[in-house]
Amino acid sequence: LPCHDKQGIPICSACHRPIEERIVTAMGKHWHVEHFVCARCEKPFLGHKHYERNGKAYCEIHYNQLFGNMCFYCN
Ligand SMILES: [Zn+2]
Ligand SMILES: [Zn+2]
Ligand SMILES: [Zn+2]
């Protein structure tokens, strides 16, 4: 937008550069779509479902691997 206030441009929490395209807002921060990644495998979610734990985001596989509700014996 021509009237866009430059100070209003959100900053990516991963690379600390302004985000001018698609924005992901998660965990109270803004991210480039390609910089919002699983804390474990570092794959971008690209709009797919993610899981949050202790201020970090995880893909479904790694969230289940790390915090899944399987009991001690099943793990
Ligand atoms: Zn970024
Ligand atoms: Zn992952
Ligand atoms: Zn079990």
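Numbering of ligands and ligand atoms starts at 1, following listing order. For the numbers below, each heavy atom of this structure counts, side chains included, while hydrogens, waters and symmetry mates do not.
Protein N/O/S atoms found under 2.8 Å from the Zn ion (ligand 2): Cys38 SG, Cys41 SG, Cys59 SG, His62 ND1.
More than 12 heavy atoms of other residues, nucleotides or ligands shown are found within 6.0 angstrom of CD1 on Ile11.
Nearest approach of Pro18 to Ile9, heavy atoms of both residues: CB-CG2, 3.5 Å.
Rounding to the nearest 0.5 Å gives a distance of 7.5 Å between CD of Glu34 and SG of Cys15. Here the NZ-CD1 distance, from Lys43 to Ile61, works out to 6.5 Å after rounding to the nearest 0.5 Å.
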Inset, instruction - Test Leu66 against Arg40 for side chain to side chain contact (heavy atoms under 4.5 Å, CB included), laying out the working first. - result: CA-CA 9 Å; Leu66 294 164; Arg40 188 82 175 187; 3.4 Å; yes
Inset, instruction - For side chain to side chain contact (heavy atoms under 4.5 Å, CB included), just list the numbers for Phe36 and Met27, CA-CA rounded to whole Å, side-chain angles, deciding distance to a tenth of an Å, and then say yes or no. - result: CA-CA 11 Å; Phe36 184 53; Met27 304 182 297; 3.9 Å; yes
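Protein N, O or S atom count below 2.8 Å of the Zn ion (ligand 1): the structure gives 4.
Listed by chain and number, the hydrophobic cluster partners of Ile19 are Ile23, where partners are ILVMFWY side chains within reach of under 4.5 Å, directly or through others.
Evaluation of the ring pair (Phe, Tyr, Trp, His ring centres under 6.0 Å) rule for Tyr58 yields Phe67 as partners, not counting sequence neighbours.
Taking the side chain as every heavy atom from C-beta outward, His35 and Cys12 approach each other to under 4.5 Å.
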